Novice: 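Below is the structure I would like to discuss, written out as structure tokens.
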Amino acid sequence: MILVACLSLALTACANAPSTGSGTTGEGDTDLVAVLRDASERTFEAGSARMTFDFDLSAAGRTQSMNGAAEIVFGDGDPASLEAHMSFEYPGMGSGVPGGKMEMIVARGPVIYLNADALAAMFPVETPWIKLDPSTMGGGWSDMSSLGGGQTDPSSTFGFLYGAFDVEEIGEETIDGEPATHYRATIDLEAALDQVPTAQRGTLRKAIRSLREQAGGTVPELPVDVWVAAGLLKRMSYGFTMDAPNGMDGTVTMAATMTLSDVGASFKIDPPPADQVTDLGDLAGMWGDALDEAPAS
């Protein structure tokens, strides 16, 4: 499931980078920390938003980019309440997995539906959509539940701002025709986990654990730029460099930007028609058994 793992990382890796330091609120920036926390809380409590996102991953002198748009109903922080409709362009991911367009629907997490150019090279199905439901699939697919929860839920990133320190106000700017105030800060996600409201803590904890596993356990502190408009999050931008994982030489640089609009709007997100969907659980004999028997890495 290389494709799924890469999509998961692209949506959350930069936002989920854990800190190796122990950041603390700098003297004199307490009010600015409060501004970011208040914007985080108000945006989360609004319950929904549209967003556009851009993600770049650079390694071994090569940069791959992914960009797209989404409507998200992130609800109350429970992954089972998540609803989302995303569409994006993604890069090729090696031999037999070409780049292309992806459409993803999370009707009620953790069940997800995928429609992508690359799926034709991976799964022998005749329908345009496939359904991934961890409850009907083999044990080798159990980690798919994270895709239907925190890893496709941008509300998990809002809680990161509870770990902001060394906050500075950069100035006033205009984003999508809307006046916004630009702030720059550093995020300590261990501190965020201590301070974030209880409703968001479980999702945040899983997101941090997931990235630690993907990044081999070591990621630097996360610098972040945040734009706040009318008391709500308007844009968040991240970027960091870490040692390449899995024995690769050199470093990996990640950068991501998420821009929000229509915060609090009502979105109706429905699953695809049943006759256009193949439940991947029905193919468990072909895929799930092989994964269940595969040795642990």
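Just so it is clear, the structure is predicted and the values come from calculations on it, not from any experiment. Because only heavy atoms are used, hydrogens play no part in the values below, and waters and symmetry mates are left out as well, while side chains stay in.
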Novice: State, without any angle test, whether Ser58 and Thr253 hold a side-chain donor-acceptor pair at a distance under 3.5 Å.
Specialist: no
Novice: I need the minimum non-hydrogen distance between Ala69 and Phe53, along with the two atoms involved.
Specialist: N-CE2, 3.8 Å
Novice: Under a single-linkage definition using a 4.5 Å side-chain heavy-atom cutoff for Ile, Leu, Val, Met, Phe, Trp and Tyr, are Leu260 and Ile175 assigned to the same hydrophobic cluster?
Specialist: no
Novice: Please determine which of Leu161, Asp31, Thr186, Leu36 meets the side-chain contact (heavy atoms from CB on, under 4.5 Å) test together with Val167.
Specialist: Leu36
Novice: Measure across Ala192 and Gly159 and return the closest heavy-atom pair with its distance rounded to 0.1 Å.
Specialist: CB-O, 3.7 Å
Novice: Rounded at 0.5 Å granularity, tell me how far CG in Leu82 sits from CD1 in Ile72.
Specialist: 6.5 Å
Novice: To the nearest 0.5 Å, what is the distance between CD on Gln276 and CG on Asn115?
Specialist: 9.0 Å
Novice: To the nearest 0.5 Å, what is the distance between CG on Leu114 and CD1 on Ile130?
Specialist: 5.0 Å
Novice: Can Asp194 and Glu190 be said to form a side-chain contact (heavy atoms from CB on, under 4.5 Å), step by step?
Specialist: CA-CA 7 Å; Asp194 290 337; Glu190 292 298 338; 5.7 Å; no
Novice: One pair to check against side-chain contact (heavy atoms from CB on, under 4.5 Å): Tyr183 and Ile170. What are the steps and the verdict?
Specialist: CA-CA 5 Å; Tyr183 300 91; Ile170 304 303; 5.9 Å; no
Novice: To the nearest 0.5 Å, what is the distance between CD on Glu83 and CD on Glu71?
Specialist: 11.0 Å
Novice: Give the intermediate values and the outcome of ring pair (Phe, Tyr, Trp, His ring centres under 6.0 Å) for residues Phe74 and Phe158.
Specialist: CA-CA 11 Å; Phe74 35 83; Phe158 306 159; 5.4 Å; yes
Novice: Kindly give the heavy-atom pair with the smallest separation between Thr127 and Asp275, and that separation in Å.
Specialist: CG2-O, 4.1 Å
Novice: Report yes if some heavy atom in the side chain of Thr63 is under 4.5 Å from a heavy atom in the side chain of Leu57; otherwise report no.
Specialist: no
Novice: Output all residues satisfying salt bridge (charged side-chain N to carboxylate O under 4.0 Å, His left out) with Asp176, sequence neighbours left out; order by chain, then residue number.
Specialist: Lys234
Novice: Output side-chain donor-acceptor pairs under 3.5 Å for residues 223-233, partner residues at least two apart or in another chain, one line each.
Specialist:
{"residue": "Asp225", "atom": "OD2", "partner": "His182", "partner atom": "NE2", "Å": "2.6"}
{"residue": "Asp225", "atom": "OD2", "partner": "Arg184", "partner atom": "NE", "Å": "2.8"}
{"residue": "Asp225", "atom": "OD2", "partner": "Arg184", "partner atom": "NH2", "Å": "3.0"}
{"residue": "Trp227", "atom": "NE1", "partner": "Glu173", "partner atom": "OE1", "Å": "2.9"}

Novice: How close do Tyr162 and Val196 get, heavy atom to heavy atom, and via which atoms?
Specialist: CG-CA, 3.9 Å
Novice: Answer yes if the ring centres of Phe55 and Phe88 are under 6.0 angstrom apart, and no otherwise.
Specialist: no
Novice: Out of curiosity, Met86 CE to Ile105 CD1, how far, rounded to the nearest 0.5 Å?
Specialist: 11.0 Å
Novice: Looking only at side-chain N and O atoms, does Asp54 offer a donor or acceptor that is under 3.5 Å from a partner on Thr257?
Specialist: no
Novice: Kindly indicate, with the supporting measurements, whether the criterion side-chain contact (heavy atoms from CB on, under 4.5 Å) is fulfilled by Leu193 and Arg201.
Specialist: CA-CA 6 Å; Leu193 198 57; Arg201 189 165 295 147; 3.9 Å; yes
Novice: Is a donor from one side chain sitting under 3.5 angstrom from an acceptor on the other, for Thr259 and Arg235?
Specialist: yes
Novice: Rounded to the nearest 0.5 Å, what separation is found between the CG atom of Asp270 and the NE2 atom of His85?
Specialist: 10.5 Å
Novice: Closest heavy-atom contact between Phe267 and Asp262?
Specialist: CZ-O, 4.1 Å
Novice: Evaluate the side-chain proximity of Leu280 to Lys131: yes if any heavy-atom separation is below 4.5 Å, no if none is.
Specialist: no
Novice: Side chains of Glu103 and Ser87: any donor to acceptor distance under 3.5 Å?
Specialist: no
Novice: Looking at Ala164 and Ala185, what are the two nearest heavy atoms and their distance?
Specialist: CB-CB, 4.3 Å
Novice: Residues in side-chain contact (heavy atoms from CB on, under 4.5 Å) with Pro179, at least two apart?
Specialist: none
